[in-house]
Amino acid sequence: QVQLVESGGGLVQAGDSLRLSCAASGRTSSRYGMGWFRQAPGKEREFAAAISWSGGFIYYGDSVKGRFTISRDNAKSTVFLQMNSLEPEDTAVYYCAVARGPIATMSSGEYDYWGQGTQVTVSS
């Protein structure tokens, strides 16, 4: 079992930045990719970013590419999502997840463990 705790969400204005963190505990001796997804009210969950165990492979969703940066600190079992130039359309609950293996993947079906989510609200 892996437990994930997200933090760093909040209410910001358009153009501001936020940094989300997700700390993993439990099966942290295994090598696993991690990802961030988001879900806005009334919409399906959307892929935001993913990073492999080594950090050598990173993917972004089209809607966040160029504005968001994913990174990880394996020594602390933590993944980060730096979000810059935030837009009202970025308003959503952001979830981090642990993948089944060490790869980076955009498919939600490849993730076994999910956090409870952290709310990000961007006002115009």
Side-chain angles (χ1 to χ4, degrees):
Q1 285 285 349
V2 175
Q3 293 77 45
L4 301 169
V5 178
E6 300 103 333
S7 61
L11 172 63
V12 297
Q13 293 186 330
D16 286 350
S17 298
L18 276 177
R19 189 190 195 207
L20 304 184
S21 299
C22 173
S25 62
R27 195 195 70 187
T28 55
S29 61
S30 299
R31 299 188 171 195
Y32 46 85
M34 296 191 75
W36 287 96
F37 291 77
R38 65 185 187 181
Q39 188 166 19
K43 295 188 177 182
E44 293 185 354
R45 189 169 293 186
E46 176 190 24
F47 168 75
I51 185 169
S52 63
W53 169 258
S54 67
F57 294 90
I58 290 175
Y59 302 117
Y60 295 102
D62 289 340
S63 58
V64 308
K65 201 172 296 183
R67 300 185 299 121
F68 290 12
T69 302
I70 189 171
S71 61
R72 66 187 296 164
D73 182 344
N74 289 339
K76 297 182 179 180
S77 299
T78 301
V79 65
F80 305 97
L81 187 67
Q82 177 67 42
M83 306 186 295
N84 298 330
S85 303
L86 283 162
E87 304 167 350
E89 293 73 25
D90 295 317
T91 296
V93 177
Y94 284 72
Y95 300 90
C96 71
V98 168
R100 199 159 298 144
I103 62 171
T105 175
M106 297 181 284
S107 173
S108 61
E110 295 295 322
Y111 291 86
D112 285 339
Y113 300 99
W114 295 80
Q116 293 299 308
T118 184
Q119 177 71 47
V120 172
T121 303
V122 185
S123 64
S124 57

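From a predicted model like this one, the values you see are computed outputs, not experimental measurements.
- Atom CG of Leu20 and atom OG1 of Thr78 lie 12.5 Å apart (nearest 0.5 Å).
- Note that the CD atom of Gln82 and the CG atom of Leu18 stand 8.5 Å from one another [nearest 0.5 Å].
- Of the possible donor and acceptor atoms, one in the side chain of Arg72 sits under 3.5 Å from a partner among the backbone N and O of Ser52.
- No donor-acceptor pair under 3.5 Å is formed between the side chain of Arg31 and the backbone N or O of Ser54.
- Through ILVMFWY side-chain contacts below 4.5 Å, Ile103 is grouped with nothing and stands alone.
- Under a 4.5 Å side-chain heavy-atom criterion applied to ILVMFWY residues, the cluster that includes Trp114 comprises Phe37, Phe47, Phe57, Tyr59, Val93, Tyr95, Met106, Tyr111 as well.
- How far CZ of Phe80 is from OG1 of Thr69: 13.0 Å, rounded to the nearest 0.5 Å.
- Counting only residues at least two apart or in different chains, salt bridge (Lys or Arg N to Asp or Glu O under 4.0 Å) contacts with residues 32-48 comprise Arg38-Glu46, Arg38-Asp90.
- Summarising the geometry, atom CG belonging to Leu4 is positioned 7.5 Å from atom OG belonging to Ser25; distances are rounded to the nearest 0.5 Å.
- Residues Ala99 and Thr105 come closest through the heavy atom pair CB-CG2, 4.3 Å.
- In this view, Lys65 and Asp62 satisfy the salt bridge (charged side-chain N to carboxylate O under 4.0 Å, His left out) rule, not counting sequence neighbours.
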Sequence neighbours left out, cut at 3.5 Å: what donor-acceptor pairs do the side chains of residues 116-123 make with other protein atoms?
residue, atom, partner, partner atom, Å
Thr118, OG1, Gly9, N, 3.3
Gln119, NE2, Ala92, O, 3.4
Gln119, NE2, Thr121, OG1, 3.3
Ser123, OG, Val12, O, 3.3

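- Side-chain atoms of Glu6 come within 3.5 Å of backbone N or O of Cys96 as a donor-acceptor pair.
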Should Phe68 and Ser63 be marked as a side-chain contact (heavy atoms from CB on, under 4.5 Å) after you check the CA-CA gap, both sets of side-chain angles, and the distance that decides it? CA-CA 9 Å; Phe68 290 12; Ser63 58; over 6 Å; no
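- A distance of 12.0 Å separates OG of Ser124 from CD of Glu87, quoted to the nearest 0.5 Å.
- Hydrophobic cluster membership is shared by Met83 and Ile58, with clusters built from Ile, Leu, Val, Met, Phe, Trp and Tyr side chains linked at under 4.5 angstrom.
- When atom types are taken as modelled, the side chain of Asn74 and the backbone of Trp53 share a donor-acceptor pair closer than 3.5 angstrom.
- Rounded to the nearest 0.5 Å, atoms OG (Ser71) and CE (Met34) are 11.0 Å apart.
- Residues that satisfy the side-chain hydrogen bond (donor to acceptor under 3.5 Å, both in side chains) test with Ser21, not counting sequence neighbours, are absent from this structure.
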